[in-house]
Amino acid sequence: MRPSAEAIADLALVVGAIALGIFLLVTGVLLATMWRYRLRPGAPEPRQIAGDLRLEIGWTVAPLLALAAVFVLMLGTMREIGASLPIAADTDRIPLRVTVVAHQFWWEYRFDGGAVAANELHIPVGVPVELDLVAADVIHDFWVPALAGKSDIVPGKTNHLRLFARQPGTYEGACAEFCGVQHAWMRLVVFAEPEPEFDRWLAVQGAARQAPAGEAARGEQVFLRNVCVSCHALRGTGAAGNGAAPDLTHVGGRTTIGTGVLRNDAAAMRAWLADPQRYKPGSAMPLVRLDPGDLDALVAYMESLH
C-alpha cells in the first residue's frame, strides 16, 4: 500500500488527465464548428438540433459517466489512505507514534518515552509515522502536502493522520484551518532524516537541559524569576509550565522562533523577547520588560539550549 501523499498525488494526476481530455474534446469541437460555419459566401447553415433527444441524452450521460469514474477513483483512494498499517508494501517497520497538540498558534509534538518538541517535527526516513491529532483550544488542520493528506483537529476528539517519507529532506506545512488572528503564522516543518540521525535527535529531545555556564547561567536565573515559568516548561529546572506555551528545553536547536515568524539566531531571539507582540500580535506571549543586561543574558541562555 502506498503512502497517502502518493495515493492523493496519483488521483490528482488521473483526474487532471480526465479534465484535460474533456477540455481538449470540447475545445476541438468548438473550434471545428467555428471554422466550418464561419461567415463566408456559400457557407452552409448549421443544422438545428433543438429537441434532438439523442444529443440531449448523450451530453447528459457523458458527464455523468465522467463524474462516476472520478467518484469511484476517489472512493478507492479514500479507502487506501484510511486503511490500516503498514502504509507501504515495501516496509514492515513498526510505526512511530506521535501525539500532535495544536495550540493557538503553535504545534506541540509528544513522543513515547517523554521527548517533547515544538513546531519542528523530525521523523525517520522509511518508517511509518502515526499522528494522533488533538486540539488545545479551537479547530486547527494539520497539512504537510508532500507527506500526507490533511486532517482537521477538533477539540474533544482525536483524529489520526499518517506520514511516510521515502527520501530525506525538509517538508513544509501549515495549519489549513483558520484558527485566529495569527493563523498565517502557524507554520510547521517536518525534517525527514536517516534513522540514526533521528534517533540522536529524539534522545536529545527527551533529555533535560544541560547546566548552563557563564552569562547563560545568569540568563537561567532571569528566566526562573520572571513570568516565563508560568507558561513554559524547561526540564531540568523548576519551570513546569502550564501547557499553554512551547517547551523550551531545547529551543536553541530549532531553526525558527514564533512558529516560523523569525529565524532562530541571537539577534532575532533578542528582538522576539524584547517585544513578541510586534512580530506576532494576538499570540499568548506577553511583553516582559527586562533591562538590557538581563535581556542579553536571557538571549544567551535561550540560544544555549540545544
Side-chain angles (χ1 to χ4, degrees), residues 4-5 96-124 129-165 169-193 198 201-202 204-206 231-235 241-264 268-269 272 276 279-280 282-285 302 305:
S4 58
L96 172 71
R97 185 169 294 277
V98 182
T99 298
V100 179
V101 185
H103 301 259
Q104 290 177 309
F105 303 93
W106 59 283
W107 303 96
E108 180 181 7
Y109 305 111
R110 301 174 184 168
F111 296 80
D112 292 342
V116 179
N119 301 324
E120 299 176 4
L121 175 62
H122 291 238
I123 64 172
V129 181
E130 278 281 289
L131 303 180
D132 297 327
L133 306 169
V134 297
D137 33 54
V138 300
I139 298 176
H140 301 272
D141 192 298
F142 189 96
W143 189 30
V144 185
L147 295 181
K150 64 172 70 171
S151 175
D152 276 348
I153 310 177
V154 182
K157 178 178 175 61
T158 300
N159 287 338
H160 304 280
L161 191 65
R162 190 172 298 126
L163 302 183
F164 186 85
T170 301
Y171 301 90
E172 295 186 352
C175 176
E177 180 79 28
F178 181 76
C179 56
V181 293
Q182 284 298 327
H183 162 71
W185 280 116
M186 193 168 170
R187 307 288 178 83
L188 64 93
V189 61
V190 177
F191 296 102
E193 303 166 329
F198 168 77
W201 176 85
L202 188 61
V204 169
Q205 300 306 305
C231 299
H232 293 284
L234 209 160
R235 282 164 284 146
N242 62 3
D247 185 302
L248 298 180
T249 308
H250 302 289
V251 65
R254 297 170 192 158
T255 61
T256 64
I257 302 167
T259 327
V261 174
L262 298 170
R263 68 187 185 282
N264 192 356
M269 181 66 77
W272 172 260
Y279 299 97
K280 200 166 183 178
S283 67
M285 185 164 174
M302 291 291 106
L305 294 172

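Just so we're clear, the structure is a prediction, and the values are computed from it rather than from any experiment.
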* Asked: So Tyr109 and Val100, side chain to side chain contact (heavy atoms under 4.5 Å, CB included) or not? Walk me through it.
  -> CA-CA 5 Å; Tyr109 305 111; Val100 179; 3.8 Å; yes
Check: residues 171-182 side-chain donor-acceptor pairs under 3.5 Å, at least two apart:
unit_1: Tyr171; atom_1: OH; unit_2: Gln167; atom_2: O; d: 2.8
unit_1: Gln182; atom_1: NE2; unit_2: Pro281; atom_2: O; d: 2.9

* Asked: To the nearest 0.5 Å, what is the distance between CG (Asn264) and CG (Asn119)?
  -> 11.0 Å
* **Separation of Lys150 NZ from Asn159 CG (nearest 0.5 Å)** => 14.0 Å
* Structure fact -> Here the pair of heavy atoms bringing Ala135 nearest to Pro155 is CB-N, 3.8 Å
* **Non-neighbouring partners of His103 that pass side chain to side chain donor-acceptor pair (under 3.5 Å), sequence neighbours left out** => Glu108
* Asked: Between His122 and Phe198, is the ring centre distance below 6.0 Å?
  -> no
* To do: Report the C-alpha distance between Ile123 and Leu147 in whole Å, list the side-chain angles of each, state the deciding distance to 0.1 Å, and finish with yes or no for side chain to side chain contact (heavy atoms under 4.5 Å, CB included).
  => CA-CA 11 Å; Ile123 64 172; Leu147 295 181; 4.2 Å; yes
* **Minimum heavy-atom distance Ala268-Leu262, with the two atoms named** => O-CD1, 3.7 Å
* Asked: How far does OG1 of Thr99 sit from CD of Glu130, to the nearest 0.5 angstrom?
  -> 11.0 Å
* In chain order, what residues pass the salt bridge (Lys or Arg N to Asp or Glu O under 4.0 Å) check against Asp132, with sequence neighbours excluded? -> Arg97
* side chain to side chain donor-acceptor pair (under 3.5 Å) against Trp272, all qualifying residues, sequence neighbours excluded -> none
* Structure fact -> NE2 (His232) and CE (Met285) are apart, to the nearest 0.5 Å, by 5.0 Å
* Mind checking the CD1-NZ spacing from Ile257 to Lys280? Nearest 0.5 Å is all I need. => 11.5 Å
* **Minimum-distance pair of heavy atoms, taken over all atoms of Arg254 and Leu248** => NH1-CD2, 4.4 Å
* To do: Starting from the C-alpha separation in whole Å, work towards a yes-or-no answer on side chain to side chain contact (heavy atoms under 4.5 Å, CB included) for Asp152 and Asp141.
  => CA-CA 4 Å; Asp152 276 348; Asp141 192 298; 2.6 Å; yes
* Asked: Say you draw a straight line from CG of Leu188 to CG of Leu121; how long is it, rounded to the nearest 0.5 Å?
  -> 8.0 Å
* **Listed partners of Asp247 passing side chain to side chain donor-acceptor pair (under 3.5 Å), at least two apart** => Arg235, Thr249
* To do: Of all the heavy-atom pairs spanning Val251 and Met269, show the shortest one and how long it is.
  => CG2-CE, 4.4 Å
* Structure fact -> Scanning both residues in full, the closest heavy-atom pair of Leu163 with Ala148 reads CD2-CB, 3.5 Å
* **Ala102: side chain to side chain contact (heavy atoms under 4.5 Å, CB included) partners, not counting sequence neighbours** => Trp107, His140, Ile153, Met186
